[in-house]
Each structure stands twice: as structure tokens, then as C-alpha cells.
Amino acid sequence: MRLSRYFLPVLKENPAEAQIVSHRYMLRAGMVKQQAAGIYSWLPLGLRVLRRIEEIVNQEQERAGHIPLLMPTLQPADLWRESGRYDDYGQEMLRIKDRQDREMLYGPTNEEMITDIFRAHVNSYKDLPLTLYHIQWKFRDEMRPRFGVMRGREFLMKDGYNFDVDRDAALHAYNRHMVSYLRTYERMGLTAIPMRAASGPIGGDNTHEFLVLAQTGESEVFYDDRVTALKLGQRDIDYDDRAQVADVCKEFTTLYARTDETHEAAVFDQVPEAHRKVGRGIEVGQIFYFGTKYSEAMGAEVVTKDGTKVPVEMGSHGIGVSRLLGAIIEASHDDKGIIWPEGVTPFPVGIVNLKQGDSATDAACEGLYKALAAKGLEALYDDRDERAGAKFATMDLIGLPWRITVGPRGLANGVVELTSRRTGESEEMSAEAAVAKVAEIYAGV
RNA sequence: CGGAGCGUAGCGCAGUCUGGUAGCGCACCUGCUUCGGGAGCAGGGGGUCGGAGGUUCGAAUCCUCUCGCUCCGACCA
């Protein structure tokens, strides 16, 4: 993408309403525009990151054997009357009437609707296990939306639902989700710690939240800091292997890690003092096992091997996709701007032409741009007629992890400069070597 | 939902107390100079002062109502 033809409305000054760093940078980098309290337009740069995050979520869900579908944002009230939640959900649910005066709602979650789909089409244990998920906009009419996309009223969420024949199978689904979530967050450059949680209006007694440590987090967290060193890495996981998946969950949930909702001081005190940490975290996902709560209420049953009918065992699992943008920025930025992890960056690399209009630098930049594209890497090429300082400031603000700087001084020696946004370190090399190095960096992402 | 505050140009703000017909910086447009970390000079365009009603010779400014947004608290992906 050539910046001169892109739509990237960056702001030099901090918008007054933005209190936390991710909100400030998202506005300043031209990623979002607020349209109402807790409701945002996604501008091109923000949309690119949102799509990247969705893509990673999709890939990891499908890798775990979960199946995508898409349910609507608007739902009929009657479905929610069956579970009893139409009345229970309260003011947070946005209720709407259509022209026939039918009661509708903008979905805050989809347990009822997925159960309706299930009961309409599945009758036998032979069709299980089954996990369906979608990534769809949700609306929760929060009392107090704040922190930009971190607590919006409209937000993009991945929500998945598992259907299993018995409790053991459902708990395996729970574990499978935990592992797939760990891998998802790691690919986004995040350390998200599973913490035992309270269940809230979804219901159920087995639930973990995934927390990203950050000063600006809304939850107080208590943890053994050795959990932050745990990494899934590239290990090979067979998601159908119950024992292997359970072992991974055990590895990641044995050390103490709780939110204030489930914190137990007496247990926490047994953590060695050197590792005992209290901090704050951003909740970026939650998984639940809730058994037959919805299937019983809504008559979602399957016939078992011995011919009896049983309500299907269920769980649900959510990742706050739009919230993740904020969480990643909170976890990865400096005083100049965002620092995107390679996994989610809107563009893999930026090209800065220090002397636009100079035939040598222009030609070198065009060559780089095309060579990168040939490797499947779409660079953001700053071809504006701006001074070097302005170009650097823009690149730093929008946070592309790698920058190739092309100027007449370097070209005279046959080199360009490859700079890491994270470390600030620069290395001079030929244009060919820079392309090769960037390609190598992204080969593993 | 309780408490506090703010709406004046695209963004950040001053002007409101003490009414006199709207200003600064950034951004934008033109020209010249400049050109490896958000340039300088000169010129220029842009605002029914959130909305409605009222008081007044006269309202951004005073009064009433209303809408929107932000922050602090209790709730949540």
C-alpha cells in the first residue's frame, strides 16, 4: 500500500476523551473513530488488525476441530424466554421491536440460538462431539462504556459452543478450548494467563478467564509469577488426545492465578514470597462448562447408545476479538506509539523514502516494494512528500514492527537500513538482504 | 444507576464569572526557502459557539428545558 493513496488519518495531538494508552493510540493512529458511547467505526488500519486477529482465532479454532458458522446479530425474544434469560439479563440487553411489534433483541451472546440450531438438527450421540463457533458483533448496553474498544457496547466476539454426550467428553471440550486459546494468544504476542473465575450470567461451575497483565486492567489479579514463563511454543498437540490436552491444562493451571472474584488469601500465602505477585489484568477470554443448563430448558436431547434420551452436555467459550486490539496495545507500546507483534501487525514492514522525488531513492523504494510483494509481504510505503521526521513519527506511531529506510546517503554505499520498532536497533544491508531478512522473520509467523 | 465535569473550526484549547456581534496552536490551501526524527516565512479558507425556548436594544456569555460525551464508583468478552 502506498501511503499517499491510503486513508490513514493520524492525529498529532491526543484526543481529550482518551484516558488510557491503547485508546489514545488507536485514535491517533487513525484506527477507529467513535460514533457514540462505546460504538466505533473501524478505519482501514484498525480493520486490518481486526481481520488479522480474526484470522488467527479462526485458524486456531479450526485446528482444534471446531466448526465455524454465522448466527445473526438480531434474535427473537421468544428464544430467550425459553431459557428464562429474557427477564434475567436486565438492562444490559438491547431490546428492539420490529414493525409488527415483535420483540427482538441485539444478541449479547448466543447460547439460546445455538441450542435451537442443535435441537433442530442433531438427535444422536453419533453426531457428537460437536463444537460450533462464530465471530460476530455483540451488543451489551454497558452502564459505563469506557477505554475505547476495551469496553465498548458493540464489540466483536468469537463465541463457541460444545455439545457432548457426557460430562467427561464435555470437560475434554473445555480443556481443548483452553489449549486452543493459549495458542491463539501466544500467536498474537500475548501472555494470557488462565485464572479460575466466577461464572456470572452465563451460568455453570467450571470456568476460567484469560487475563493479560497490564497496569490498566480492570481486574485485580493474584498470581505466582512463574506462570508468566509458561509457553506452549511449537509443541505438537493432538486435540483428540484427552490425556495430552488435560496435561497441558494442568501445566497451565496448577500455579496460583486468580482474579479478585475467586482469590483465596490463605492459599495465596503458600506461594513462595518471591513469586507472589498482585497486579492488574485485562480479561480477553473466558471458557465455561455448564452441563445441561440450556439443553434441559430448551429440550436439546440426544439418544445414547442404549437408546435413552439425555440432555446434551454443553459449554461456551468466548474471545473478545475487538478488545484484543486494546489489550495488545496496552501490552506492547512505548512513548512514541504502538509496537505491533508480527502476528497481528497491519502491515509486515514499512518503507520510508527519505527523499521523495529523487530518482535514485524512488527507484530503490519501488524495487523494494515489488520485491517484498513478490514474497507475499505487503509493505506500507511512505511515498508522501514529507520530511524525514514526519515519516518516522508516523511509522513509530502506527507501530509496524519493521522499517526499511531508504536515503541517498545509504544508497551511495549500496545499502538501506532495516530497523526494529521494538528495539530501535538498525542494521545496514543491501536491499536484497533486507527483503530476505524480512521474509525470514515472517516465515515463522 | 449514584457522584463530578465538559460541549466554541477536523484536533487541542482560550473567551463565559463581569452580555457589545468570536480568537490562539496544530491540521488544511497557495507561494518561496528548507529537507535523516513531527521545518521557517508570507498569504489564504473554514465556526447557525450541542439543540430549543426565554430575558435584553444586544447572548458563546444570564435563566429554563433538552440532547450528547467524558471521568470516579457499583456490574461485565
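Just so you know, these numbers come straight off a predicted model, no measurement behind them. All chains are named by letter (A, B, ...) in the order of the sequence lines, taking the proteins before the strands, and each is independently numbered beginning at 1.
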request  = Report the relative orientation of the aromatic rings in A:Phe163 and A:Phe118; use parallel for angles under 30°, tilted for 30 to 60°, perpendicular for over 60°.
outcome  = parallel
task = Whole angstrom is fine here: how far is it from CD in A:Glu92 over to P in B:rC1?
result = 14 Å
inquiry  = Heavy atoms only, 4.0 Å cut-off, all strands: where does A:Val321 land among base, sugar-phosphate and nothing?
reply    = nothing
inquiry  = In this structure, how many angstroms lie between the P atom of B:rC72 and the CD atom of A:Glu142, rounded?
reply    = 14 Å
inquiry  = Using the P atom as the point on both nucleotides, what is the distance between B:rU21 and B:rU16, in whole Å?
reply    = 14 Å
ask   = Relative to each other, are the rings of A:His317 and A:His177 parallel, tilted or perpendicular (30° and 60° limits)?
value = parallel
request  = Determine whether the side chains of A:Thr262 and A:Glu264 contain a donor N or O and an acceptor N or O closer than 3.5 Å.
outcome  = no
query = What is the distance, rounded to the nearest whole Å, between atom CZ of A:Arg387 and atom C1' of B:rG40?
reply = 9 Å
query = Which part of the nucleic acid, if any, lies within contact of A:Gly30, taking any heavy atom under 4.0 Å across all strands shown: a base, the sugar-phosphate backbone alone, or nothing?
reply = nothing
task = Report yes or no: is the ring centroid of A:Phe155 under 5.5 Å from the six-membered base ring centroid of B:rA77, with the two planes under 30 degrees?
result = yes
remark   = The answer to which of A:Pro408 and A:Arg323 contacts RNA chain B further toward the 5' end, by nearest nucleotide, is A:Pro408
Polar side chain donor-acceptor pair, A:Tyr174 to A:His208, under 3.5 angstrom = yes
A:Thr419-A:Glu425 side chain donor-acceptor pair, cut-off 3.5 Å = no
request  = Would you mind pulling out the nucleotide paired to B:rA4, Watson-Crick or G-U wobble, both distances under 3.5 Å?
outcome  = B:rU70
request  = Tell me which residues in residues 12-24 of chain A put a heavy atom below 4.0 Å from RNA chain B, sorted by number, or none.
outcome  = A:Lys12, A:Glu13, A:Asn14, A:Pro15, A:Ala16, A:Glu17, A:Gln19
task = Would you mind classifying the nucleic acid contact of A:Gly407 as base, sugar-phosphate or nothing, using non-hydrogen atoms under 4.0 angstrom?
result = base
query = Should B:rG46 form a Watson-Crick or G-U wobble pair with both distances under 3.5 Å, which nucleotide is its partner?
reply = none
request  = Could you work out the separation of B:rG50 and B:rU34 based on their C1' atoms and round it to a whole Å?
outcome  = 43 Å
query = Has the side chain of A:Arg146 got a donor or acceptor atom sitting under 3.5 Å from an opposite partner on the base of B:rU70?
reply = no
request  = Check the angle between the aromatic planes of A:Tyr256 and A:His263 and answer parallel, tilted or perpendicular using the 30° and 60° thresholds.
outcome  = perpendicular
task = Return the 5'-most residue of the pair A:Met150, A:Arg144 with respect to RNA chain B, ranking by each residue's nearest nucleotide.
result = A:Arg144
task = Determine which nucleotide pairs with B:rC41, using a 3.5 Å limit on both distances of a Watson-Crick or G-U wobble pair.
result = B:rG31
query = Between atom CZ in A:Phe147 and atom P in B:rA77, what is the gap in whole Å?
reply = 16 Å
note = In Watson-Crick or G-U wobble terms, with both distances under 3.5 Å, the base opposite B:rU56 is none
ask   = Just how far, in rounded Å, is C1' of B:rG37 from CG of A:Asp382?
value = 13 Å
request  = Tell me what A:Met157 touches on the nucleic acid: a base, only sugar-phosphate, or nothing, going by heavy atoms under 4.0 Å.
outcome  = sugar-phosphate
query = Under a 3.5 Å cut-off for both distances, is B:rC26 Watson-Crick or wobble paired, and to whom?
reply = B:rG10
Whole-Å distance separating the CG atom of A:Asn353 from the C1' atom of B:rC35 = 12 Å
request  = Salt-bridge test for A:Arg81 and A:Asp78: reply yes if a basic N is under 4.0 Å from a carboxylate O, no otherwise.
outcome  = yes
key: Atom pair distance, as rounded to whole Å: OH in A:Tyr40 and P in B:rC69   = 11 Å
Which atom of A:Ala297 lies closest to which atom of A:Ser83, heavy atoms considered = CB-CA, 4.2 Å
inquiry  = Taking the C1' atom in each of B:rC49 and B:rA9, what is the distance between them to the nearest angstrom?
reply    = 10 Å
P spacing across the pair B:rC24 / B:rG68, given as an integer number of angstrom = 34 Å
message = Over 60° means perpendicular and under 30° means parallel, so tell me whether A:Tyr381 and A:Tyr369 are parallel, tilted or perpendicular.
response = tilted
ask   = A:Arg409 side chain N/O closer than 4.0 Å to the phosphate oxygens (OP1, OP2) of B:rG36?
value = no
key: Side-chain ion pair, A:Arg323 and A:Glu330, N-O less than 4.0 Å   = no
query = When all nucleic acid strands are considered with a 4.0 Å heavy-atom cut-off, which category describes A:Glu386: base, sugar-phosphate, or nothing?
reply = nothing
task = Measure from the side-chain heavy atoms of A:Phe288 and tell me the nearest of B:rC75, B:rU34, B:rA77.
result = B:rA77
query = When the C1' atoms of B:rG2 and B:rG47 are considered, how many whole Å apart are they?
reply = 37 Å
query = With distance as the sole criterion, is a donor-acceptor pair present between the side chains of A:His66 and A:Asn162 under 3.5 Å?
reply = no
ask   = Counting side-chain heavy atoms from C-beta on, which of B:rG38, B:rG37, B:rU70 comes nearest to A:Ala390?
value = B:rG38
message = Rounding to an integer number of angstrom, what distance separates B:rG12 and B:rU70 when you compare their C1' atoms?
response = 15 Å
ask   = Which parts of residues 394-406 of chain A get close to RNA chain B, meaning a heavy atom less than 4.0 angstrom away?
value = A:Thr394, A:Asp396, A:Arg403
task = Kindly say if A:Gln356 contacts the phosphate of B:rC35, meaning a side-chain N or O under 4.0 Å from OP1 or OP2.
result = no
query = What integer number of Å spans the P atoms of B:rA22 and B:rU18?
reply = 23 Å
inquiry  = So A:Ala393, base contact, sugar-phosphate only, or nothing? Heavy-atom distance under 4.0 Å.
reply    = base
request  = Sticking with atom P, work out how far B:rC13 lies from B:rG53, rounded to a whole angstrom.
outcome  = 30 Å
query = To the nearest Å, how far apart are A:Glu220 CD and B:rG73 C1'?
reply = 16 Å
query = Just one of A:Phe252, A:Phe210, A:Tyr133 clears the ring pair (Phe, Tyr, Trp, His ring centres under 6.0 Å) bar with A:Tyr181, so which one?
reply = A:Phe210
